[in-house]
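First comes the structure, then the notes that go with it.
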Amino acid sequence: MKKTIFIMTMITAGISFGQNKIHYPETKKGETVDIYFDTKVADPYRWLEDDKSDETGTWVKVQNEVTYGYLNKIPFRDALKSRMEKLWNYEKISAPFTEGKFTYYFKNNGLQNQSVVYRKDQNGKEEVFLDPNTFSKDGTTSLGGLDFSKDGSKAAYSISEGGSDWRKVIIIDAVSKKVLENTLVDVKFSGISWYENEGFYYSSYDKPKGSELSAKTDQHKLYFHKLGTSQKEDKVIFGADQKRRYVGGYVTEDNNYLVITAANSTYGNELYIKDLTKPDSPIITIVDNFNSDNNIIENEGSKLFIDTDLNAPNKRVVTVDASNPKPENWKDFIKETQNILSPSTGAGYFFANYTKDAVSLVLQYDYNGKLVREIKLPAVGTASGFGGKKKEKTLYYSFTNYTTPGSIFSFEPKSGRSEIYQKPKVDFKSEDYESKQVFYTSKDGTKIPMIITYKKGIKLDGKNPTILYGYGGFNISLTPAFSIANAVWLENGGVYAVANLRGGGEYGKKWHDAGTKLQKQNVFDDFIAAAEYLIAQKYTSSNFLAIRGGSNGGLLVGAAMTQRPDLFKVALPAVGVMDMLRYHTFTAGAGWAYDYGTAQDSKEMFEYLKGYSPVQNVKKGVQYPATMVTTGDHDDRVVPAHSFKFAAELQDKQTGDNPVLIRIDVKAGHGAGKSVAATIQENVDIQAFTLYNMGFKALPKK
């Protein structure tokens, strides 16, 4: 069905932009042509997919030189950085957790690149347990995960180098902090789950041939690592014979069961269980298909508690005995409601954290399924946490919204008493700002929620610099959360709007499905309608409107700006999925097919994808918004070739004076573990570029 012709030629892609003349680097064009269902599709920048080539490396270097040459000339960039660093510089402490004889917590003194793991002994003496800032000189190696053995005497932690999803796992004596054995390597998309003190379960793929940053990985396996043995001896528990793209395993708190989940896409999973109290017990199938999301969240002896959306699009919790756990034997424990359920357990209780119109509502239940209370939250916003071991007497939760920095609260489940545990001291006057939730109408008449945040007393004159943010995919909900970068934007007179688009998880499976495959255009229509609402209500106008999104949200920005280039002044696509005809050929991209479909599925699906794919829809003679594409050269989730090819197409075909830049972080990945310094600089550059291209020559006076 597919034929490729590949002959390289050279062209010059230097373009001039009015008074602000930008000389873009030469970008070689090839003559690659793919054929899908008798349709020829040119792919002139295919060579940029080779992340190991010197040519691609040179292209990255010269593109960054152009980008930073432009950014360095923005007169208020340094002032913006100074304010953001000042605002960012406050102590951040996580909720504590107990392992063995120590209480652990994360702390950042303000501008440390990575948060440090501290602990206190039973006498209250504090010491550093792990300092990720010492993992590498340039701060690009980060802590991925940290898990302790049953008695807390041993620990295993994973590290990410340069932002890669490939991890190393280091095993230490938790008391002395001494390394116990050789480091495990080539671990990807994995948790660490200990069984007693004997060893732990983890997941990974066979190392791919070719580039580890872009080569396809699609057979995930669950392993058990026994302490004192080499990684080569690790036993495959699941996945050797059954090919699955995503496999996970975790041990129940009582160490009685191993729970295994297996999936081929980002939605829908098989569910298995293995009785660890019986040697050589078989793996028992609970769910044998990919038509629902299922997860065992708790057990009481052989009684299992399963979080599922099977026959419940908004989710429910069911119970079943492990001796006969098939779905036909499930009984409702927490029934489905009109709100979206995300349950947790701790201190002998269940907590039903509901998303209601994109904000939190939390109910507490006992183990008999009886409602204990609704937990009173500090305000309208996002609450998360309410998890812990059964023996805990106190739990912790965090609360935040767009104007309130995240605070941690202690919570006593027996009495329902809640107190502030840690409130950050941020140099930001939250009381001067407000958020308003609106419901606007999309193209097909669907009502879409959006939260708009701004300074009190705002003038609705159409001249407010505005960032519209969206995601719209993979059942992910965008709920209110404070951001230092957004606080700086608000201080400078900006409006920040977040639209809860279809494709997300805000209203359950039906809402998610309404933005997938042949309905993906709904997501873009919802986003465009959000922009039109902001303009109609005079929060802003096209000359002062920027759109921003990352990953699937980067695709959203790319599609919106190519479909309605007239509507936006600035476009900020980050680590985006930009080539919808080839996304599934890289790393674990094939697992996104539930949301997107693939060009090989059918002629209809191919034509639909080609119709909105950003790379294939840049047209010559069109004036696109001022655009700054952002990505990382070590992104092995959404490979940077997506962004490279999109930027090359835009630079080649852009008409008018709006700049097209690509900012490529070196030794950085999809975003996780990025250093504080790099995060601040990226946000500074994004806001400086945005305001400058809206016509601002200086930051507004406060």
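Remember, predicted model here, so these are calculated numbers, not experimental data.
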*Check the side chains of Arg548 and Tyr469 for a donor-acceptor pair under 3.5 angstrom, ignoring hydrogens and angles.*
no
*Any side-chain donor-acceptor pair under 3.5 Å between Ser418 and Tyr397?*
yes
*Which residue pairs pass the side-chain hydrogen bond (donor to acceptor under 3.5 Å, both in side chains) test when at least one of the two sits in residues 516-529, sequence neighbours left out?*
Ser442-Asp526, Arg502-Asp526, Lys520-Asn552, Gln521-Asp525, Gln521-Gln563
*asked:* Classify the ring geometry of Phe399 against Phe409: parallel below 30°, tilted from 30° to 60°, perpendicular beyond 60°.
replied: perpendicular
_Check ion pair Lys390-Glu253 (N to O, under 4.0 angstrom)_ = no
*Passes side-chain contact (heavy atoms from CB on, under 4.5 Å), Ile451 versus Gln437? Steps please.*
CA-CA 4 Å; Ile451 297 179; Gln437 186 174 53; 4.0 Å; yes
*To the nearest 0.5 Å, how far apart are NE2 in His512 and CD1 in Ile476?*
8.5 Å
*Does the side chain of Glu85 come under 3.5 Å of the side chain of Asn89 through a donor N or O and an acceptor N or O?*
no
*Ion pair Arg83/Asp427, N-O distance below 4.0 Å*: yes
*asked:* Can you confirm whether the side chains of Asn294 and Ser292 place a donor and an acceptor under 3.5 Å from each other?
replied: yes
*asked:* For a side chain to side chain donor-acceptor pair (under 3.5 Å) check, start with the C-alpha distance between Lys463 and Thr540, then their side-chain angles and the critical distance, and finish with the verdict.
replied: CA-CA 5 Å; Lys463 296 181 180 179; Thr540 191; over 6 Å; no
*Side chains of Tyr267 and Asp309: do they bring a donor and an acceptor to under 3.5 Å?*
yes
*Relative to each other, are the rings of Tyr471 and Phe474 parallel, tilted or perpendicular (30° and 60° limits)?*
tilted
*asked:* Less than 3.5 Å apart, any donor N or O on the side chain of Glu298 or Tyr367 sitting next to an acceptor on the other?
replied: yes
*Ile408 CD1 to Thr400 OG1 distance, which is reported to the nearest 0.5 Å*: 11.5 Å
_Derivation of the ring pair (Phe, Tyr, Trp, His ring centres under 6.0 Å) call for Phe696 and Phe76_ = CA-CA 9 Å; Phe696 291 88; Phe76 51 83; 7.8 Å; no
*Evaluate side chain to side chain donor-acceptor pair (under 3.5 Å) for Ser398 paired with Ser384, printing each intermediate quantity in order.*
CA-CA 5 Å; Ser398 63; Ser384 57; 2.8 Å; yes
Mind listing the side-chain donor-acceptor pairs of residues 342-357 below 3.5 Å, one per line with the distance, residues two or more places apart or on another chain?
residue: Ser344; atom: OG; partner: Phe386; partner atom: O; Å: 2.9
residue: Asn353; atom: ND2; partner: Ala383; partner atom: O; Å: 2.8
residue: Asp357; atom: OD1; partner: Tyr507; partner atom: OH; Å: 2.6

*Should the pair Asp461-Lys538 be classified as a salt bridge under the 4.0 Å nitrogen-to-oxygen rule?*
no
*Going through the distances and angles, do Tyr396 and Ser94 end up as a side chain to side chain donor-acceptor pair (under 3.5 Å)?*
CA-CA 10 Å; Tyr396 298 86; Ser94 75; over 6 Å; no
*Under 3.5 Å, is there a donor-acceptor pair linking the side chains of Thr446 and Asp444?*
yes
*asked:* A quick test of your reading: do over 12 heavy atoms of other residues, nucleotides or ligands sit less than 6.0 Å from NZ of Lys423?
replied: no
*Roughly how far apart are Ile306 CD1 and Phe333 CZ, rounded to 0.5 Å?*
12.5 Å
_Interatomic spacing from CD in Glu434 to CD1 in Ile452 - rounded to 0.5 Å_ = 10.5 Å
*Roughly how far apart are Glu431 CD and Thr404 OG1, rounded to 0.5 Å?*
10.0 Å
*Just say parallel, tilted or perpendicular for the rings of Tyr433 and Phe428, cut-offs at 30° and 60°.*
parallel
*asked:* Any non-hydrogen side-chain atom of Ile680 less than 4.5 Å from a side-chain atom of Leu111?
replied: yes
*OH on Tyr105 to CD1 on Ile93, rounded to 0.5 Å*: 7.5 Å
